[in-house]
Amino acid sequence: AQTVTQSQPEMSVQEAETVTLSCTYDTSESDYYLFWYKQPPSRQMILVIRQEAYKQQNATENRFSVNFQKAAKSFSLKISDSQLGDAAMYFCAYKEGEYGNKLVFGAGTILRVKS
Amino acid sequence: DTAVSQTPKYLVTQMGNDKSIKCEQNLGHDTMYWYKQDSKKFLKIMFSYNNKELIINETVPNRFSPKSPDKAHLNLHINSLELGDSAVYFCASSQQVHPGQGVRRAKNIQYFGAGTRLSVL
C-alpha cells in the first residue's frame with residue numbers, strides 16, 4: 001500500500017521569506033500524481049499544486065513550486081515570499097495513476113507565518 | 001455557486017442516534033468521495049462512488065452507509081453513533097478518467113467541500 005510521510009509536524013517562516021515543506025512517499029508504481037493541499041482555519045481543503053510523475057519538470061503556481069525527485073520519492077513544496085494568508089495546515093497527497101481514485105494523505109504540516 | 005456543498009456544517013448529537021450528512025456537487029463530475037479527518041487532522045478515504053456505483057469501501061464499520069441517488073449527490077448515513085465517530089467529514093468530487101479515452105487527461109483533481117464537523121456526546 002502506498003504511504004505518504006510528512007516529517008515536519010510544524011514549521012515557521014517570517015513574512016516575505018521562503019519556506020520548504022517536506023514530503024516523501026512510498027510506491028511501487030511508476031505512474032501517479034502528487035498534490036499539495038492547504039487547509040486554513042476555515043477548514044476548507046484547497047488544492048495548491050499538482051505534479052504528474054511522468055513529467056520531469058517541477059510544477060509551479062505563482063509563489064508555490066515543488067521539488068519532485070522521483071528516484072528519491074520526494075516531493076517538497078517551496079513557498080516564496082510567504083504571506084500571512086499562507087498560514088495553514090499543508091497536506092501532501094498521492095494518487096495512483098490516471099485511473100486511480102483515492103487520495104492517500106500525509107499527516108500534515110502546520111505552517112505559521114510571523115509578521 | 002459553491003462547487004461541492006455539504007450540509008450541515010456542524011452536527012452535534014448524542015451517542016446511539018442516527019444522522020445523515022448530505023453532499024452535492026455542481027461540477028458535472030462523475031465520481032464522489034467521503035473522507036474522514038480525525039482529531040489529529042489525519043485524512044483517510046472512506047468511500048467512493050462512480051456514476052452511482054460504489055468503487056471504494058475502505059474498512060469502514062457497516063454503521064456507515066453511503067447513498068448516491070445520482071452522480072451529483074452522495075449522502076452519508078451513520079447509524080448508532082459512537083464517541084469515536086466524532087470527526088470532520090469531507091465530501092469531494094472529481095471527473096474519472098476511463099481506459100480507452102485516448103488522450104491523457106491531466107485532470108482527476110479532487111475538489112473538496114467545506115467539511116461537516118460531527119460531535120458525538
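Because the structure is predicted, anything quoted here is derived from the model rather than measured. Quick note on labels: first sequence line is chain A, next is B, and so on, each numbered from 1.
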Near [X] [atom1], under 6.0 Å, is it more than 12 heavy atoms from other residues, nucleotides or ligands?
X     : atom1 : value
A:Q56 : CD    : no
A:K73 : NZ    : yes
A:K70 : NZ    : yes
B:D70 : CG    : yes

Pull out the residues in [range] that come under 4.5 Å of chain A, heavy atom to heavy atom, sorted by number.
range                     : answer
residues 31-38 of chain B : B:T31, B:Y33, B:Y35, B:Q37
residues 15-22 of chain B : none
residues 82-92 of chain B : B:V88, B:F90

Quiz item: If you round to the nearest 0.5 Å, how far is CZ of A:R43 from NZ of B:K41?
Solution: 9.0 Å
Quiz item: Hey, what do you get for OH (A:Y33) to CD1 (B:I109), rounding to the nearest 0.5 Å?
Solution: 9.0 Å
Does [X] share a hydrophobic cluster with [Y], counting links as ILVMFWY side-chain heavy atoms below 4.5 Å and allowing steps through other members?
X      : Y     : value
B:L118 : B:V4  : no
A:Y94  : A:I49 : yes
A:I79  : A:L84 : yes
A:Y32  : A:V48 : yes
B:I45  : A:L47 : yes

Exercise. Check whether A:M89 gets within reach of chain B through its side chain, its backbone, both or neither, counting any heavy atom under 4.5 Å.
Key: side chain
Quiz item: Counting N and O atoms only, with roles assigned by atom type, does the side chain of A:Q44 sit under 3.5 Å from a partner on the main chain of B:F112, one being a donor and the other an acceptor?
Solution: yes
Quiz item: If only atom types and distance count, is the side chain of B:Q110 paired as donor or acceptor with the main-chain N or O of A:N101 below 3.5 Å?
Solution: yes
Quiz item: So which of B:S48, B:G115, B:S94, B:A114 has the biggest tally of heavy-atom pairs under 4.5 Å with chain A?
Solution: B:A114
Self-check item: Max heavy-atom pair count under 4.5 Å with chain A, selected residue of B:L43, B:I56, B:I55
Solution: B:L43
Quiz item: Do any of residues 103-115 of chain A have a heavy atom less than 4.5 Å from a heavy atom of chain B, and if so, which, in residue order?
Solution: A:L103, A:F105, A:G106, A:A107
